[in-house]
Amino acid sequence: MTQRTGPTPPPEEVKSCCAAAYSSDAATAILGGHYHPGGTALTRRLADRLALRAGERVLDVAAGPGTTAFLLADEYGASVDGVDLGAATVAKARASAEATGTCDSVRFHLGDAERLPFDDAGFDVLVCECAFCTFPDKATAAREFARVPRPGGRVGITDITLQPERLDGRLRGLTGWIACLADARPVDDYRELLADAGLHARVVERHDGALATMIDQIEARLRAFRIAHVDVGTALELTALARDAVARGDAGYVLLTADKPAP
Amino acid sequence: MDREEVFWEYTKSICPVCKVVVDAQVNIRSVDGRGKVYLRKRCRRHGEFEALVYGDARAYLDSARFNKPGTIPLAFQTEVAEGCPSDCGLCPEHKQHACLGIIEVNTACNLDCPICFADSGHQDDGYAITLEQCERMLDTYVAVESEPEVVMFSGGEPTIHRNILDFVDAARARPIRSVVLNTNGIRLAADRGFARALADRDVTVYLQFDGFDERTHRQIRGADLRERKRQALDACAEAGLTVMLAAAIERGLNDHEVGEIIRFGIGHPAVRGAVLQPVTHAGRHVEFDPLRRLTNSDVIELVADQLPDWFRASDFFPVPCCFPTCRSVTYVITDGEDVVPIPRLIDLDDYLDYVTNRVVPDPEIRGALEKLWSASAFPGTPATDAQLERAACGIDAPQVVRDLAEGAFMIVVQDFQDPYTLNVKQLMKCCVEEITPDGRLIPFCAYNSVGYREQVRQQMSGVPVADVVPNATPLRPLLRDSPYGSRISADAEDSEAPGNGGGDGRRRIAPDATNVGRRVR
Ligand SMILES: C[S@@+](CC[C@H](N)C(=O)[O-])C[C@H]1O[C@@H](n2cnc3c(N)ncnc32)[C@H](O)[C@@H]1O
Ligand code: SF4
Ligand code: SF4
Ligand code: SF4
Ligand SMILES: [Zn+2]
């Protein structure tokens with residue numbers, strides 16, 4: 001397995017800072033409603049690849065403001081639990097559920113992907129979009145992903161892929177981490193992490209264009225802020241580096257599903 | 001053997017010579033390695049006609065997803081009798097209400113442009129509406145729309161009508177949101193008081209503006225108007241008027257200038273947008289090849305080619321309220337140096353409801369940015385002011401939205417249909433209507449192509465007006481000059497059709513020659 005190179009921030013700091021950053025209004029402003037490449041279109045594709053059916057119980061790990069949870073409940077008739085480490089994010093998601101009267105089908109919980117606050121085998125499906133790459137202890141998170149679905153359940157992940165040794169040093173700091181890049185791995189690493197936890201890969205699809213589009217969108221939003229005289233610091237240089245990495249094929253986006261073996 | 005084209009759909013159009021309604025087909029052919037969209041039709045008397053309608057087949061097919069449901073107007077003015085496009089309008093079959101109502105106040109003009117779909121000029125046998133007629137037309141519009149979005153005064157040259165300010169006042173006295181004046185700018189350049197009078201009435205100016213080369217001016221306008229345009233724009237800036245640049249683009253004449261027109265507009269304090277219109281081959285125009293005419297996708301590609309640092313073709317998207325192949329648009333936010341197209345900021349599909357045919361970019365930009373930057377990220381949840389007010393990381397969302405919306409710039413690409421390209425599918429969902437003195441609302445492209453413009457002029461002036469025929473290369477042998485510089489059929493049977501000049505001046509519009517309702521014998 002590829003090892004991360006260079007200095008890394010301490011895990012707890014990464015996790016809490018990441019959660020806080022994503023719950024800030026600045027993140028909302030820059031990322032809009034979609035916190036992952038591919039937007040709702042890729043979420044639907046993931047649900048379709050998982051053959052999600054009405055009435056199934058879904059856990060959305062790192063659910064953010066709940067866009068995916070609401071979509072799966074609304075369009076697929078799933079019963080969804082979302083878990084996120086950001087208290088403000090969870091509060092916001094709960095408020096949306098209340099405002100839209102969807103509390104019956106969608107619930108939000110505060111919790112850590114590496115210690116999911118749920119019993120074993122309570123879900124049919126687990127999804128995690130563009131967040132696995134940010135978890136410092138991926139092996140533990142993968143074991144949690146294997147623990148909470150029922151035997152015969154399915155796991156679906158979309159995430160950044162990266163050749164870490166080719167990552168520009170400037171993308172490796174905390175900002176890069178939060179932007180999902182710094183601890184992303186090659187596709188094979190993700191497969192192996194899941195396999196080691198007992199989950200067998202079924203579908204692996206590349207969606208690198210979705211990442212390029214999202215970087216474009218973030219860059220456009222930063223330029224919009226700059227036009228409105230908001231100081232965006234070095235963020236535009238980071239987006240340029242990220243775009244180069246995608247163009248070179250060093251960074252990309254993958255959709256991956258895996259099965260938990262039936263007994 | 002395989003056919004060289006893919007048959008896409010069947011529709012109706014008109015014969016560009018005698019204007020009878022004929023069956024038509026839309027086909028996709030590969031030309032120079034690219035799929036292009038053509039409309040083909042046949043008249044029993046005048047043979048076959050074909051025109052390019054979209055230069056990029058993929059974009060044409062993609063645009064279908066932008067076709068949103070229309071809204072029913074409060075009233076219809078005509079009945080369904082002959083079928084589209086002979087029943088305008090609006091007849092109960094029409095699929096959309098009017099986003100924009102046009103009132104042509106006169107046929108006279110202080111120019112005689114070689115390119116003018118209105119066939120206007122220094123003519124004394126046309127007509128001018130009275131204040132009373134204008135008020136009736138406005139009342140018709142209000143009755144149909146309740147609170148109309150936009151009324152546009154046009155002509156002819158509306159600024160030479162002595163009642164033009166009275167007309168604006170009459171519009172302002174009614175619940176109409178925006179008033180637009182379409183002008184060549186000659187009066188604005190000479191009469192500072194006029195710019196102020198328009199500013200006092202909060203009028204948006206659509207300024208005819210086709211480019212910067214002397215040749216462009218001479219060939220499209222018949223005169224070098226560069227200095228006048230500059231003076232007109234200065235007057236508008238000084239008076240605080242909002243201006244949209246309206247450019248008629250003809251292949252080989254000024255298609256190299258679209259980028260400069262946009263760059264100039266973005267840099268000019270009075271200008272908030274540019275409307276790029278491939279020359280409509282209705283009325284008066286220079287000779288053209290219908291198979292090589294400019295279409296929306298061609299103009300969009302010209303913009304992307306000429307301003308590669310700012311635009312790519314994907315920054316433009318079809319306007320969903322009319323038929324999506326009629327009009328494409330983009331909005332940008334800019335500080336004069338950097339230019340960011342809004343479609344790059346957002347997932348367009350989430351925001352289409354905000355896009356209608358507006359006059360200035362503000363409402364859309366505000367709507368889209370507020371939705372994007374409202375604290376709630378769940379679509380459909382109304383963001384409260386408190387949420388909006390909460391500022392984090394030094395970002396004051398409402399202020400940012402205000403600043404950005406203020407500097408927003410709109411680019412519209414609009415290919416009006418002509419007697420060659422007319423497709424009733426587009427017409428039936430048209431949202432740009434001519435308001436006629438006799439109280440009809442006629443889709444603009446039907447007005448220009450099908451014979452309504454000639455009908456109304458004849459009715460209003462009492463002078464017979466023959467149906468205008470496009471000055472297309474393949475039709476030239478069939479044509480002769482009209483008194484106004486346009487071309488008409490050389491065959492008296494077409495140009496003096498039954499009803500011409502007779503009776504109440506109303507005549508039969510576009511009689512049916514399709515095979516609908518006929519049985520095989
Ligand atoms: C017919 S004019 C009437 C108002 C005014 N006289 C003027 O020229 O602005 C309206 C607008 O249509 C444009 N226009 C005229 N003929 C055109 C054509 N054949 N194709 C496209 N635009 C045209 C004019 O340049 C002008 O911007
Ligand atoms: S264009 Fe509209 S109003 Fe005119 S005939 Fe067709 S459906 Fe009726
Ligand atoms: S295009 Fe406008 S300015 Fe030119 S002749 Fe026609 S009405 Fe007059
Ligand atoms: S005026 Fe012509 S181009 Fe515009 S919406 Fe109507 S039919 Fe389409
Ligand atoms: Zn004919």
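Lettering of chains follows the sequences in order, A, B, ..., and the numbering in each one begins at 1.
Residues A:Arg226 and B:Asp338 share a closest heavy-atom pair of NH2-OD2, 3.1 Å. B:Val340 approaches A:Ala224 most closely through the heavy-atom pair CG2-N, 4.2 Å.
Judged by distance alone, with hydrogens and angles left aside, the side-chain atoms of A:Arg221 form a donor-acceptor pair with the main-chain N or O of B:Leu345 at under 3.5 Å.
Between B:Asp335 atom CG and A:His229 atom NE2 the span is 7.0 Å, to the nearest 0.5 Å.
A salt bridge links A:Asp216 with B:Arg312: the closest approach of a Lys/Arg side-chain nitrogen to an acidic carboxylate oxygen falls below 4.0 angstrom.
Residue-environment remark: CZ (A:Arg206) exceeds the threshold of 12 foreign heavy atoms within 6.0 Å.
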